[in-house]
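Below is one structure, written out as structure tokens; comments come after it.
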Amino acid sequence: MHQFLRAIGFSDITKKQLNEVINNIIDKPEKLKVTKDSEGNEFAELSCDVAPNMGITVRGIYNDDDSFDIDYYYPYFTGSEKTTNEIIDIEKHSEKESYAGVCDDPNLGVTLIFYLQNVCDYLSEKAYINREVRAKGAVLSGLSVDGCILLPMKQKKAKTLNTVDSDKKDRKQLIAEARDGDEGAMESLTMEDIDLYSSITRRIQNEDILSIVTTYFMPYGIESDQYSVLGDIIELTEEKNIITNEKIYCIKVSCNDIIFNVCINKNDLIGEPMVGRRFKGNIWMQGSICL
């Protein structure tokens, strides 16, 4: 049973019920895409929504007699807007016909890895241009089964915000220069990190860490596409799974100057979400590349 099924409203589904849902998707898919996979097979993605912008995708192979062999399934949630404009490299997972997107966004400070949703689009584009695809940007989203709501940070003065924005811009420039091999930029970034560490170490003696850190985005666990995030809620809707009637929060989050959508089962979220408050949780990052 997929761990993140509960994020889209399947918290108590049994194996028998899940098989029925998957068989219904295979018999009557709402969305169907077919292409050739890396081994030349007729590879297909069959999907059905259970709530707006979320559902289950089944992937597998069509045989010569038009029978369908299931390879795997996964729950999906699609984002509402482009998250990053950076170049995306695509890497195939070793055990099955699934792929990961990889990019270096200077806003995050870490290499961003996400589970690729539009695999058929990618494979079709790769076959058409007859070379590797490097996409320009992606629409990202996250599924969460563990989250809580925090109060917002104290409103900063406009002068302070301008200073912060200027510092962020300078840091992005330093990161870009460091990637190009500039040793001076590397040294400056190292000194900044040392000063920041010293400052936080002093403040944490008398302050809570979540009153110091506004947002963060960092790897979580051993899975390369899972992250622990803290960000500001800028948009919020409540949806309902049409099969189980479980309620799901769809939260648009601004985190480290990137914006992405997160869905979480209402029963898995501690606190009352509101625009202006902060979402803290662990997410499985997915995304569609822009081709």
Tell me whether Y62 is reachable from Y72 by hopping between hydrophobic residues (I, L, V, M, F, W, Y) whose side-chain heavy atoms are closer than 4.5 Å. yes
Side-chain touch Y249/I149, heavy atoms, less than 4.5 angstrom: no
In Å, rounded to the nearest 0.5 Å, how long is the span from CD1 of I26 to OG of S67? 10.5 Å
Taking the side chain as everything from C-beta on, heavy atoms only, tell me whether F114 gets closer than 4.5 Å to I289. yes
Can you tell me if T83 uses its side chain to pair, donor with acceptor, with the backbone of L140 under 3.5 Å? yes
Applying side chain to side chain contact (heavy atoms under 4.5 Å, CB included), run through N63 and D69 and close with a yes or a no. CA-CA 7 Å; N63 299 311; D69 288 339; 3.0 Å; yes
Over all heavy atoms of both residues, which pair between S224 and I113 is shortest? Give the atoms and the distance, please. O-CB, 3.6 Å
Without swapping roles, check the side chain of S254 against the backbone of I259 for a donor-acceptor pair under 3.5 Å. no
Side chain K136, main chain N85, donor-acceptor under 3.5 Å: yes
Heavy-atom donor-acceptor pair, S288 side chain to V139 backbone, under 3.5 Å: no
Is any side-chain N of the basic residue among K252 and E81 closer than 4.0 Å to the acidic one's carboxylate O? yes
With a 4.5 Å heavy-atom cut-off, do I56 and F10 have their side chains touching? yes
What about L32 and F68, same hydrophobic cluster or not, with Ile/Leu/Val/Met/Phe/Trp/Tyr joined at side-chain heavy-atom distances under 4.5 Å? yes
Say whether S141 and T78, considering side chains only, have a donor N or O and an acceptor N or O under 3.5 Å apart. no
D65 CG: over 12 foreign heavy atoms closer than 6.0 Å: yes
Joint hydrophobic cluster, V58 plus L5, side-chain heavy atoms closer than 4.5 Å: yes
Can you name the nearest heavy-atom pair linking I25 to L46, along with the distance? CG2-O, 3.6 Å
May I have the step-by-step check of side chain to side chain contact (heavy atoms under 4.5 Å, CB included) for F43 and K36, ending in yes or no? CA-CA 5 Å; F43 180 76; K36 296 292 184 181; over 6 Å; no
Closest heavy-atom pair and its distance - I242, D49: CD1-O, 4.0 Å
Hey, quick one: are I13 and W284 part of the same hydrophobic cluster, counting side-chain heavy atoms closer than 4.5 Å, chains of contacts allowed? yes
Between the CD atom in E125 and the CD1 atom in I90, the distance rounded to the nearest 0.5 Å is 11.5 Å
Search all heavy atoms of F217 against all heavy atoms of L112 and return the closest pair with its distance. CZ-CD1, 3.7 Å
Side chain to side chain contact (heavy atoms under 4.5 Å, CB included) evaluation trace for V262 with F279: CA-CA 9 Å; V262 175; F279 170 81; 4.1 Å; yes
K96 atom NZ, neighbour heavy-atom count above 12 within 6.0 Å: yes
In Å and rounded to the nearest 0.5 Å, what is the CG to CG distance from N41 to D37? 4.5 Å
S144 side chain to N282 main-chain N or O, any donor-acceptor pair under 3.5 Å? yes
Can you tell if the side chain of D104 reaches within under 4.5 Å of the side chain of E86, non-hydrogen atoms only? no
Tell me yes or no: between the side chains of E246 and N265, is some donor less than 3.5 Å from an acceptor? yes
Side-chain heavy atoms nearer than 4.5 Å, only ILVMFWY residues, links allowed to pass through others: does that put I270 and I283 together? no
Is there a side chain to side chain contact (heavy atoms under 4.5 Å, CB included) between Q3 and V145 once you walk through the steps? CA-CA 8 Å; Q3 175 188 355; V145 294; 3.9 Å; yes
Of H2, Q286, R59, Q117, the residue whose pairing with Y74 passes side chain to side chain donor-acceptor pair (under 3.5 Å): R59
Rounded to the nearest 0.5 Å, what's the gap from CG on L18 to NZ on K15? Could you check? 6.0 Å
Atom of G79, atom of N261 and distance for their closest heavy-atom approach: CA-OD1, 3.7 Å
With side chain to side chain donor-acceptor pair (under 3.5 Å) as the criterion, how do D146 and Y220 come out once you've worked through the C-alpha distance, each side chain's angles and the decisive distance to 0.1 Å? CA-CA 12 Å; D146 177 23; Y220 173 77; 5.2 Å; no
Are the side chains of K31 and E45 in touch, meaning some heavy atoms are under 4.5 Å apart? no
When rounded to the nearest 0.5 angstrom, what is the spacing between OG in S98 and CG in L116? 9.0 Å
Determine the minimum heavy-atom distance between F77 and G142, stating which atoms define it. CD2-O, 3.8 Å
Between atom CZ of R278 and atom SG of C148, what is the distance when rounded to the nearest 0.5 Å? 9.5 Å
Can you tell if the side chain of Y115 reaches within under 4.5 Å of the side chain of H93, non-hydrogen atoms only? yes
Side chains of L143 and P75: closer than 4.5 Å at any heavy-atom pair? yes
Side-chain donor-acceptor pairs under 3.5 Å in residues 231-241, sequence neighbours left out?
{"from": "N241", "atom 1": "OD1", "to": "I243", "atom 2": "N", "distance (Å)": "2.7"}
{"from": "N241", "atom 1": "OD1", "to": "T244", "atom 2": "N", "distance (Å)": "3.1"}
{"from": "N241", "atom 1": "ND2", "to": "I8", "atom 2": "O", "distance (Å)": "2.8"}

Pairwise side-chain contact, S47 with E30, heavy-atom cut-off 4.5 Å (strictly under): no
